[in-house]
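Presented below is the structure to which this report refers.
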Amino acid sequence: MVLLDDVGRNRGGPVTALPLEGITVVSLEQAVAAPFATRQLADLGARVIKIERPGDGDFARAYDESVHGQSSYFVWLNRSKESVTLDLKSPGGRQVLARLLADADVFVQNLAPGATRRLGLGAEDLAERHPKLIVCDISGYGNHGPWADRKAYDLLVQCETGVVSLTGSPEEPAKVGISIADIAAGMYAYSGILTALIRRVTTGRGTPVEVSLFEALSEWMGSPAYYTAYSGVQPARVGAQHATIAPYGPFTARDGGTVLLAIQNEREWASFCGIFLEAPEIAGDERFHRGSARVANREVLNSLISERFAGLDAAGAIELLDRANVANARLNSVAEYWDHPVLTGRDRWREVETPGGPIRALLPPATLRGVTPRMDPVPAVGEHTDTVLRALGYDDQAIKALHADGSV
């Protein structure tokens, strides 16, 4: 176990090449939230040992076969990790895990509610055996409370937190198209683990970290929650427009291209009216002279703007919006995003190996000067089992026996 000092050095040693080199993470993980948290730790140099079920492994491997026969979720979330298969219902599997935890810095789990407690792997149990170990539990609705034993999936949490009531059109609600509850929980788990590692420097002890999908997404609901609680009115579903700002949303140009624009303040509004609409007098129109008035008269305002867009192609509209210093964007497809000039122009793509072949992968979004993130291969199921067992002191005969009885 490595204890980092406050400048990221191994005590008594040189600065590591990556900030988290020397940190070992053992993760009983599946699906999205925990793998996202641990992949970010791996990006910065932590050794992440991913525990999977013998045979099929993490069930997220089978979500789809779109990436060289592999799941798009799995290749996104699991590069730079070591895959070890263990049957934790067997004595042999539990013994291997115990040896791994004895030398680990961080233990992460997002199994079904109550599973780790039944295995004797709860935070309290592990704190007694491994005082310096940081235990991170990721759950649906928290480790205690009225819904502690309730299953939670991303869409369900989007519904319970009210997100789905805010998204979609006036006629029909819609979920967010990516797994935002899982992603939010993974981000907070990642930052919580980093905070616990820093705290261990001063206390010498591991701090349990608990994150739930529900509470992570509840944090993201801050603005609409406050708006509703204190105004008494929930923000309306307005599709790709903004519920409380106008004009803010998509408009269709004469060539069929969709351009979104966003007015954030009165200075931008005046510039927009003068340069884009070529009607500076509209800025002072009592229907539009301040933000709340523009929202109240959104339909009339959108009609005026749509008329102007009907006379412009998308490129011409963007040129005028840029001249007016009004923020704008094209409504890209996923394929158009994939080839976005910002990603190529900033050299964000790297090649990562997977069991089915190489793929393009984006560098982590947080760029640390002088730090080159790890972009190592995505592992096959159990690819590192025997190597890890040998490092733990198992000889070839013992490893063969573990395979024979299904422990690994």
Side-chain angles (χ1 to χ4, degrees), residues 18 25-87 108 110-111 138 153-155 175-183 185-187 190 332-367 372-389 403 408:
L18 284 170
V25 180
V26 175
S27 190
L28 276 175
E29 61 180 33
Q30 56 193 6
V32 177
F36 187 43
T38 59
R39 197 217 73 194
Q40 293 175 89
L41 297 169
D43 288 341
L44 293 181
R47 181 190 185 194
V48 176
I49 301 172
K50 179 184 180 77
I51 307 301
E52 301 192 65
R53 300 175 185 84
D56 295 334
D58 181 345
F59 57 74
R61 288 182 179 271
Y63 277 168
D64 60 69
E65 300 84 35
S66 61
V67 186
H68 302 318
Q70 303 157 98
S71 159
S72 53
Y73 272 96
F74 194 85
V75 299
W76 164 45
L77 296 167
N78 290 285
R79 66 174 180 248
S80 304
K81 299 179 185 179
E82 300 172 44
S83 172
V84 172
T85 53
L86 294 179
D87 178 2
V108 181
N110 71 327
L111 300 187
I138 302 175
Y153 301 118
D154 186 87
L155 173 56
K175 75 178 185 70
V176 179
I178 59 174
S179 303
I180 58 169
D182 287 308
I183 294 168
M187 287 300 305
Y190 169 60
N332 284 332
S333 67
V334 176
E336 289 167 331
Y337 144 75
W338 185 254
D339 292 320
H340 202 287
V342 171
L343 297 177
T344 54
R346 284 176 50 79
D347 192 27
R348 301 304 294 176
W349 291 108
R350 296 294 182 271
E351 185 174 281
V352 168
E353 291 295 329
T354 79
I359 62 170
R360 287 205 302 176
L362 286 171
L363 288 167
T367 300
T372 301
R374 282 174 60 193
M375 303 290 283
D376 291 350
V378 176
V381 179
E383 179 180 344
H384 303 91
T385 301
D386 289 1
T387 301
V388 170
L389 289 174
H403 280 284
V408 301

Within a strict 4.5 Å, meaning less than it, do heavy atoms of the [X] and [Y] side chains meet?
| X | Y | answer |
| --- | --- | --- |
| Arg39 | Trp76 | yes |
| His384 | Pro379 | yes |
| Thr354 | Val67 | no |
| Met375 | Arg79 | yes |
| Thr85 | Arg53 | no |
| Thr387 | Thr385 | no |
| Pro355 | Gln70 | yes |
| Tyr337 | Leu343 | yes |

Output the distance between atom [atom1] ([X]) and atom [atom2] ([Y]), rounded to the nearest 0.5 Å.
| X | Y | atom1 | atom2 | value |
| --- | --- | --- | --- | --- |
| Asn110 | Leu28 | CG | CG | 9.0 Å |
| Leu41 | Lys81 | CG | NZ | 9.0 Å |
| Glu82 | Glu52 | CD | CD | 12.0 Å |
| His68 | Ile359 | NE2 | CD1 | 7.0 Å |
| Gln30 | Leu77 | CD | CG | 13.0 Å |
| Ser27 | Ile138 | OG | CD1 | 7.5 Å |

**Message:** Walk me through whether Glu29 and Thr38 qualify under side-chain contact (heavy atoms from CB on, under 4.5 Å).
**Reply:** CA-CA 9 Å; Glu29 61 180 33; Thr38 59; 2.7 Å; yes

**Message:** Would Asp87 and Val408 count as a side-chain contact (heavy atoms from CB on, under 4.5 Å) here? Give the steps.
**Reply:** CA-CA 6 Å; Asp87 178 2; Val408 301; over 6 Å; no

**Distance-minimising heavy-atom pair for Val381 and Gly55** = CG1-O, 3.6 Å

**Closest approach of Pro358 to Glu353 (non-hydrogen atoms, all atoms of both residues)** = CB-OE2, 3.6 Å

**Prompt:** Taking the inter-plane angle between the rings of Tyr63 and Tyr73 on a 0 to 90° scale, is it parallel (under 30°), tilted (30 to 60°) or perpendicular (over 60°)?
**Reply:** perpendicular

**Request:** With side-chain contact (heavy atoms from CB on, under 4.5 Å) as the test, would you mind laying out the steps for Val25 and Val108 before giving the verdict?
**Result:** CA-CA 7 Å; Val25 180; Val108 181; 4.1 Å; yes

**Prompt:** Would Ile178 and Ile183 satisfy side-chain contact (heavy atoms from CB on, under 4.5 Å), going step by step from the backbone distance to the final call?
**Reply:** CA-CA 9 Å; Ile178 59 174; Ile183 294 168; 4.2 Å; yes

Does [X] reach the main-chain N or O of [Y] with its side chain, forming a donor-acceptor pair under 3.5 Å?
| X | Y | answer |
| --- | --- | --- |
| Ser83 | Gly382 | yes |
| Asp64 | Ser72 | yes |
| Asp154 | Asp182 | yes |

Greater than 12 external heavy atoms within 6.0 Å of [X]'s [atom1]:
| X | atom1 | answer |
| --- | --- | --- |
| Asp56 | CG | no |
| Phe59 | CZ | yes |
| Arg360 | CZ | yes |

**Request:** Establish, from distance only, whether the side-chain atoms of Thr367 and Arg348 form a donor-acceptor pair under 3.5 Å.
**Result:** yes

